[in-house]
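Residue numbers count from 1 along this sequence.
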Amino acid sequence: MRRIRFGDVLSVLFFALLAYLLINKSTREVYLNLNSSHPYIMGFLKVGILATFGEILSTRIVNGKYKMLVGLPYRFVVWGLLGIVFVAVFELFGSGTKVLLDKNLLPYAESTRTFFQAFYTSVLMNLIFAPTFMALHRITDAYIDLSQGKIRNMLKIELNTVLEHIDWKTFVSFVLGKTIPFFWIPAHTVTFLLPSTYRVLVAALLSVALGVLLSLRKKAKA
């Protein structure tokens, strides 16, 4: 029988609390107001907290225990900055796709326009933006790993060393070739069917879900 750790209980409580805050009317309105008045700050916090937590949870699944990630503060900051980018990118592709449909530059059926707008937004964003973002994140992670999470070491590492450290073959064949068409495009289609105030939050939760799924897959193979 697998041992349930105290961290597992905290993880369940964390997601239960998050669900409660979104379901409860008063706390949901606070979230919506903060999201509207401070979108970039909220984007930083949502993605920074959830995506970093997702990495910790993935480590727990693979290794059977929780452990401090190398360069955890830097990973949080990188995710947070990416969260700020996501806020702008989601609006950019959402609005841009709407214009393309308005000008009949993409095929769709009027009766299913809402679905097609979400689908095209997901496809365009994941084909145009996602590969660049994913590659950049691989590079930042490599800097953190190679430096052992120490800023003085990061400054000494050459870019060529970082690029050689990354498994680009797996990145292209699996991350781009499989997770984008089979996970991210369908998942983000659903995301863009939601109100805009929830999209970045759901995207962060989806990154946690994918990390868990990939960790379970890795664990099963091991």
Side-chain angles (χ1 to χ4, degrees), residues 7 10-11 14-15 17-18 21-22 30-31 34-63 65-93 125-126 128-168 171 175-176 179 184 187-188 191 196-212 214-215:
L10 290 180
S11 297
F14 172 78
F15 285 111
L17 176 62
L18 179 61
L21 293 175
L22 293 175
V30 171
Y31 164 78
L34 287 173
N35 207 60
S36 176
S37 57
H38 305 287
Y40 287 125
I41 294 176
M42 290 296 289
F44 182 95
L45 293 175
K46 285 183 290 188
V47 177
I49 293 171
L50 288 172
T52 304
F53 178 74
E55 288 194 47
I56 295 172
L57 194 58
S58 296
T59 302
R60 157 69 173 103
I61 294 171
V62 173
N63 299 317
K65 61 181 180 180
Y66 291 95
K67 68 176 185 177
M68 182 66 69
L69 298 176
V70 173
L72 181 63
Y74 300 114
R75 294 179 191 276
F76 170 76
V77 171
V78 169
W79 274 120
L81 293 175
L82 289 172
I84 293 175
V85 174
F86 293 163
V87 172
V89 166
F90 276 39
E91 290 295 332
L92 175 67
F93 281 93
M125 187 180 73
N126 279 290
I128 297 172
F129 166 73
T132 302
F133 139 65
M134 291 174 174
L136 175 63
H137 196 221
R138 285 292 186 284
I139 292 171
T140 57
D141 275 356
Y143 267 110
I144 294 171
D145 291 336
L146 290 171
S147 67
Q148 292 297 306
K150 297 178 180 178
I151 191 68
R152 65 177 180 273
N153 293 338
M154 288 184 200
L155 300 175
K156 300 176 183 177
I157 299 173
E158 295 183 355
L159 180 59
N160 284 340
T161 303
V162 171
L163 296 177
E164 291 171 358
H165 177 76
I166 299 169
D167 184 356
W168 292 110
F171 175 75
V175 177
L176 300 186
T179 65
W184 286 118
H188 279 149
T191 300
S196 60
T197 50
Y198 294 105
R199 290 172 184 171
V200 173
L201 175 64
V202 171
L205 289 170
L206 287 171
S207 73
V208 175
L210 179 60
V212 169
L214 294 179
S215 298

Output the distance between atom CD1 (I61) and atom CG (L214), rounded to the nearest 0.5 Å.
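The CG atom of L214 is 10.0 Å from CD1 of I61, to the nearest 0.5 Å.
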Once you round to the nearest 0.5 Å, how far does CE of M125 lie from CZ of F86?
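Going from CE on M125 over to CZ on F86, the span is 8.0 Å.
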Would you mind reporting whether [Y] and [X] have side-chain heavy atoms less than 4.5 Å apart?
| X | Y | value |
| --- | --- | --- |
| L18 | L205 | yes |
| H188 | L206 | yes |
| L50 | L201 | yes |
| L69 | I144 | no |
| D141 | Y74 | no |
| T161 | E158 | yes |
| Y143 | V78 | no |
| V85 | F133 | no |

Is a donor on one side and an acceptor on the other found under 3.5 Å between the side chain of [X] and the backbone of [Y]?
| X | Y | value |
| --- | --- | --- |
| Y31 | T197 | yes |
| W79 | K46 | no |
| T140 | H137 | yes |
| R75 | V70 | yes |

Compare every heavy atom of [Y] with every heavy atom of [X], then report the nearest pair and how far apart it is.
| X | Y | value |
| --- | --- | --- |
| V62 | S215 | CG2-CB, 3.8 Å |
| R199 | T191 | CG-O, 3.4 Å |
| A203 | F90 | CB-CZ, 3.7 Å |

F15, CZ atom: more than 12 neighbouring heavy atoms under 6.0 Å
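It does: F15 CZ has more than 12 such atoms within range.
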Are F53 and F76 an aromatic pair, judged by ring center distance below 6.0 Å?
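No; F53 has its ring centre 6.0 Å or more from that of F76.
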Residue pair Y66, S11: steps toward the side chain to side chain donor-acceptor pair (under 3.5 Å) verdict:
CA-CA 11 Å; Y66 291 95; S11 297; 3.1 Å; yes
Check this for me, if you would: do D145 and R138 make a salt bridge, where the nitrogen-to-carboxylate-oxygen distance has to be below 4.0 angstrom?
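Result for this pair is no, no salt bridge flagged.
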